[in-house]
Amino acid sequence: LHLASDGPFGKWDLQQIQRGYQVYKEVCSACHSLKFVAMRDLSQLGYTEAEVKAEAASWTVPGIDDKTGEVNTRPGRPTDYFPSPYPNEIAASAANGGKVPPDLSLMAKAREGGAAYIYSVLTGYQEQPAALLRRFPDAKTPTGAYYNPYFAALNIGMPPPLSDGRVTY
C-alpha cells in the first residue's frame, strides 16, 4: 500500500484527514478513545481556532463544579483531551465481550506498517477462506468475531466499521 504521506517528502491531504476525523467522531469514538490527543491538535488538521473551539464544545467532558467541587460534565475546551467513551476499563471490557478496545492515539506508531496497517485492518474484513478451514477445521471464526487476515489473531471482535452511507460528508 502506498500512501501520499509516506516517506520524508510525503504530503498530507488535509481534507482527507478531516474526513478521517469525521469517521472517528461518528463511528470509532463509540468504542475507542484518543486519550493522548488534545482537541487543540485539530488545528494541525487545518481547522481554524474558531472551528477548534466549536468542535471542542461539541464534546462532553468530565468536569468539576467550581463552587461545590462536585464531579459533573461540561462542554469541551481546546485544552481538553478527547474523552473516553467509557467511565473506566471495567465498563469498556463489559461492553465489548471482555476486551477493552485499544486507544487509537498512538496506533500508527504502535503497529508495524503504521497507517498501512490501520487501512488494511479497517478494509480487510472478509469471509474466512474455505482452504483455511479445510486445513485447520478448528480454526473457524467464533460467534461474535470477524475474520480479518490483517489482524494478528485473524479474528477480531470489532464489527466491520466502514460501510457505504454510514457517514455523510
Side-chain angles (χ1 to χ4, degrees), residues 1-47 51-52 55-56 58-62 76-129 132 136 139-163 166-167 169:
L1 175 67
H2 172 72
L3 301 171
S5 58
D6 287 346
F9 300 107
K11 296 186 187 236
W12 298 100
D13 178 338
L14 291 181
Q15 289 180 329
Q16 189 175 37
I17 292 173
Q18 288 176 1
R19 287 190 301 274
Y21 168 67
Q22 184 178 352
V23 170
Y24 169 77
K25 184 176 179 182
E26 295 183 24
V27 179
C28 308
S29 69
C31 299
H32 295 278
S33 59
L34 282 177
K35 66 183 176 185
F36 299 115
V37 179
M39 293 187 203
R40 66 178 169 253
D41 294 334
L42 292 173
S43 65
Q44 295 176 20
L45 306 185
Y47 291 100
E51 290 171 327
V52 170
E55 187 59 33
S58 74
W59 290 85
T60 301
V61 299
R77 299 179 192 127
T79 54
D80 290 321
Y81 286 77
F82 283 92
S84 173
Y86 304 102
N88 54 54
E89 287 194 3
I90 295 168
S93 177
N96 293 284
K99 305 265 183 179
V100 177
D103 178 76
L104 300 180
S105 303
L106 303 171
M107 189 59 66
K109 291 180 181 181
R111 298 292 188 264
E112 185 177 345
Y117 166 80
I118 294 168
Y119 172 86
S120 297
V121 167
L122 291 176
T123 61
Y125 289 82
Q126 56 188 264
E127 292 296 319
Q128 193 169 24
L132 177 68
F136 303 102
K140 184 167 178 14
T141 297
T143 302
Y146 303 86
Y147 181 76
N148 191 319
Y150 299 101
F151 188 68
L154 299 179
N155 296 310
I156 187 169
M158 178 175 70
L162 305 177
S163 58
R166 190 153 181 195
V167 177
Y169 301 102

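Quick caveat: nothing in here was measured; it's all calculated off a predicted structure.
- The shortest side-chain heavy-atom distance between Tyr24 and Val167 does not fall under the 4.5 Å cut-off.
- Shortest non-hydrogen contact noted between Cys28 and Leu104 is CB-CD1, 4.4 Å.
- Remark: Cys31 SG to Asn96 CG distance equals 5.0 Å, nearest 0.5 Å.
- A distance of 9.5 Å separates NE2 in His32 from CG in Asp103, rounded to the nearest 0.5 Å.
- Taking all atoms of both residues into account, the shortest heavy-atom contact from Gly76 to Val61 is CA-CG2, 3.9 Å.
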Apply side chain to side chain contact (heavy atoms under 4.5 Å, CB included) to the pair Asp80 and Trp59, showing each step before the final yes or no. CA-CA 10 Å; Asp80 290 321; Trp59 290 85; over 6 Å; no
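- Side-chain atoms of Tyr125 and Pro161, non-hydrogen and from C-beta on, do get closer than 4.5 Å to each other.
- Put simply, OG1 on Thr123 and CD1 on Ile118 are 11.5 Å apart, with the number rounded to the nearest 0.5 Å.
- The shortest heavy-atom contact between Gly124 and Pro149 is O-CD, 3.3 Å.
- In this structure, Glu55 CD and Tyr21 OH are separated by 3.5 Å, a value rounded to the nearest 0.5 Å.
- The two residues Arg40 and Val52 come nearest to each other via the heavy atoms CA-CG1, 3.9 Å.
- Judged purely by atom type and a 3.5 angstrom limit, Gln128 uses its side chain to pair as donor or acceptor with the backbone of Ala139.
- Separating the CD atom in Glu127 from the OH atom in Tyr147 is a distance of 11.0 Å, to the nearest 0.5 Å.
- At distances below 3.5 Å, at least one donor-acceptor pair connects side-chain atoms of Asn148 with backbone N or O atoms of Val121.
- With a 4.5 Å cut-off on side-chain heavy atoms, Leu42 and Phe82 count as touching.
- Across Trp12 and Ile17, no two heavy atoms sit closer than the pair CE3-CD1, 3.3 Å.
- More than 12 heavy-atom neighbours from other residues, nucleotides or ligands sit within 6.0 angstrom of OH on Tyr86.
- Using modelled atom types, no side-chain atom of Ser93 and backbone atom of Glu89 make a donor-acceptor pair closer than 3.5 Å.
- More than 12 non-hydrogen atoms from other residues, nucleotides or ligands lie less than 6.0 angstrom from CD of Glu51.
- Scanning all heavy atoms of the two residues, the minimum distance from Tyr169 to Gln22 falls at CD2-OE1, 3.3 Å.
- Taking a 6.0 Å sphere around CG of Leu1, one finds it holds more than 12 heavy atoms contributed by other residues, nucleotides or ligands.
- One finds the NZ atom of Lys25 at 12.5 Å from the CD atom of Gln18 (value rounded to the nearest 0.5 Å).
- Using modelled atom types, one side-chain atom of Ser105 and one backbone atom of Lys35 make a donor-acceptor pair closer than 3.5 Å.
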